[in-house]
Amino acid sequence: MGSCGQGFMLGCCLLLAITWGPVLSLVPRVQEEQQEWEETEELPSPLDHVTRILLHAYGTRPEETREKYRPSQGEDLPTSRCYRCCDPGSPVYQTIPPPQINITILKGEKGDRGDRGLQGKYGKIGSTGPRGHVGPKGQKGSIGAPGNHCKSQYAAFSVGRKKALHSNDYFQPVLFDTEFVNLYKHFNMFTGKFYCYVPGIYFFSLNVHTWNQKETYLHIMKNEEEVVILYAQVSDRSIMQSQSLMLELREEDEIWVRLFKGERENAIFSDEFDTYITFSGYLVKPASEP
């Protein structure tokens with residue numbers, strides 16, 4: 001057992017000597033170089049340090065390596081060779097243009113339509129443009145539908161009264177007993193009212209004869225509304241008095257004459273021999289016309 005243990009220890013020492021021998025042999029050289037640097041008081045450059053490492057490792061200098069791999073005249077530089085910018089005779093490389101990318105290859109598919117944005121502010125109103133040329137005449141239109149024969153575009157009446165009328169305790173419509181003109185019978189002789197069947201603008205006129213020593217007080221009425229008054233004060237003489245106006249009527253409007261009630265004695269004169277009281281009206285312009 002003793003001889004075997006000594007043999008094992010001896011083998012381990014030989015293995016360590018073989019392994020660490022080259023490394024330990026470099027230590028005296030490094031120490032000597034360090035002393036030389038301290039004597040010269042100059043710091044070695046990184047390139048000198050690389051040169052020393054190459055000398056210890058390969059036994060050659062970088063200059064010899066460059067001479068070995070420097071090509072002769074007329075030979076191309078090896079593509080795998082690298083050069084430093086500070087080396088003499090370094091090759092000048094041509095500028096490589098940037099690669100061109102085809103945008104159409106990178107274009108994707110059309111996306112979905114987005115939501116509609118908010119409406120912007122209205123711009124300023126521009127000036128009116130010049131008037132355009134007159135266009136060609138259009139074709140003749142088709143015949144329209146037949147109109148309603150009951151609604152003619154004419155209306156006119158003129159009526160009179162041959163009897164006097166005195167006021168009492170209530171308002172009285174003035175009735176007429178003489179018919180001069182009553183187109184299409186739009187004036188009702190029984191009620192004393194004109195009924196509008198054709199909407200439009202009408203002209204009306206009222207003429208009466210006053211009674212001496214009595215007041216004359218009447219209104220031309222539109223439906224139940226007082227429109228205009230015909231008035232004459234008490235006088236010793238009787239005179240003719242008139243009132244006229246134009247009205248815009250709608251269908252089914254009513255026009256009539258009303259005698260005021262008897263707060264004061266009020267009357268209009270007439271007799272069976274002459275007609276002193278007249279009421280007339282006619283259509284000036286139908287509402288259907290432009």
Side-chain angles (χ1 to χ4, degrees), residues 150-289:
C150 296
K151 292 185 178 181
S152 59
Q153 299 298 309
Y154 302 97
F157 73 93
S158 182
V159 293
R161 179 183 176 93
K162 291 188 175 184
K163 293 181 181 179
L165 183 64
H166 294 266
S167 62
N168 51 30
D169 295 335
Y170 53 90
F171 294 107
Q172 299 180 74
V174 178
L175 302 181
F176 299 88
D177 50 27
T178 303
E179 185 180 83
F180 300 110
V181 174
N182 192 4
L183 190 61
Y184 307 117
K185 302 298 180 180
H186 290 178
F187 189 90
N188 191 322
M189 298 295 293
F190 180 75
T191 60
K193 295 181 179 181
F194 168 77
Y195 294 89
C196 177
Y197 292 96
V198 183
I201 298 175
Y202 286 79
F203 174 82
F204 296 98
S205 176
L206 175 63
N207 295 278
V208 298
H209 191 282
T210 63
W211 202 306
N212 55 339
Q213 302 300 327
K214 293 183 180 180
E215 209 172 34
T216 302
Y217 196 178
L218 301 100
H219 283 98
I220 296 179
M221 307 289 294
K222 178 182 177 182
N223 301 322
E224 298 301 322
E225 177 187 359
E226 300 172 353
V227 182
V228 292
I229 187 174
L230 188 154
Y231 179 78
Q233 294 179 343
V234 178
S235 175
D236 295 334
R237 298 183 305 164
S238 59
I239 58 174
M240 295 294 297
Q241 196 79 352
S242 66
Q243 180 65 281
S244 59
L245 76 161
M246 296 181 71
L247 291 175
E248 183 175 3
L249 302 183
R250 298 179 179 178
E251 191 171 358
E252 296 184 0
D253 281 343
E254 300 175 356
I255 304 297
W256 52 291
V257 180
R258 187 189 70 179
L259 184 67
F260 201 78
K261 60 184 179 179
E263 295 178 355
R264 295 186 293 268
E265 192 172 3
N266 179 22
I268 51 177
F269 175 81
S270 188
D271 59 37
E272 59 183 10
F273 300 103
D274 294 306
T275 304
Y276 290 89
I277 304 169
T278 60
F279 183 40
S280 304
Y282 59 89
L283 176 64
V284 177
K285 180 181 180 297
S288 59
E289 291 184 3

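As a basis for the values below, the full set of heavy atoms in this structure was taken, side chains included, without hydrogen atoms, waters or symmetry mates. Because the structure is a prediction, the values reported are computed rather than measured.
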Excluding sequence neighbours, so at least two apart, what forms side chain to side chain contact (heavy atoms under 4.5 Å, CB included) with [X]?
{"X": "K285", "value": "E289"}
{"X": "S280", "value": "S158"}
{"X": "F190", "value": "N188"}
{"X": "Q243", "value": "I220, V228, L230"}

- [ ] Measure centre to centre between the rings of F187 and F194, then say whether the value is under 6.0 Å.
- [x] no
Residues in ring-ring contact (aromatic ring centres under 6.0 Å, His included) with [X], at least two apart?
{"X": "H219", "value": "Y217"}
{"X": "W211", "value": "H166, F269"}
{"X": "Y195", "value": "none"}
{"X": "Y282", "value": "F203"}

TODO: Go through the steps for I229 and L218 under the test side-chain contact (heavy atoms from CB on, under 4.5 Å), then give the verdict.
DONE: CA-CA 6 Å; I229 187 174; L218 301 100; over 6 Å; no
Task: Sequence neighbours excluded - side chain to side chain donor-acceptor pair (under 3.5 Å) pairs with any residue from residues 227-241 - done: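 Pairs touching residues 227-241 that pass the test: Q213-D236, E215-Y231.
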Task: For S167, all residues meeting side chain to side chain donor-acceptor pair (under 3.5 Å), sequence neighbours excluded - done: none
Task: Closest approach of I201 to M246 (non-hydrogen atoms, all atoms of both residues) - done: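 For I201 and M246, the tightest heavy-atom pair comes out as CG2-CE, 3.6 Å.
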Open item on the list: Taking K162's backbone N and O only, do any of them form a donor-acceptor pair with D177's side chain (distance below 3.5 Å, no angle check)?
Closed with: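 Yes; judged by distance alone, with no hydrogens or angles, the pair exists.
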TODO: Ignoring hydrogens and angles, tell me if any N or O in the side chain of N168 forms a donor-acceptor pair with the backbone of Y170 under 3.5 Å.
DONE: yes
Task: Those residues that, when tested against R258, pass salt bridge (Lys or Arg N to Asp or Glu O under 4.0 Å) (two or more places apart) - done: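 E226.
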Open item on the list: So, using salt bridge (Lys or Arg N to Asp or Glu O under 4.0 Å) as the criterion, who are the partners of K185 when residues are at least two apart?
Closed with: E179
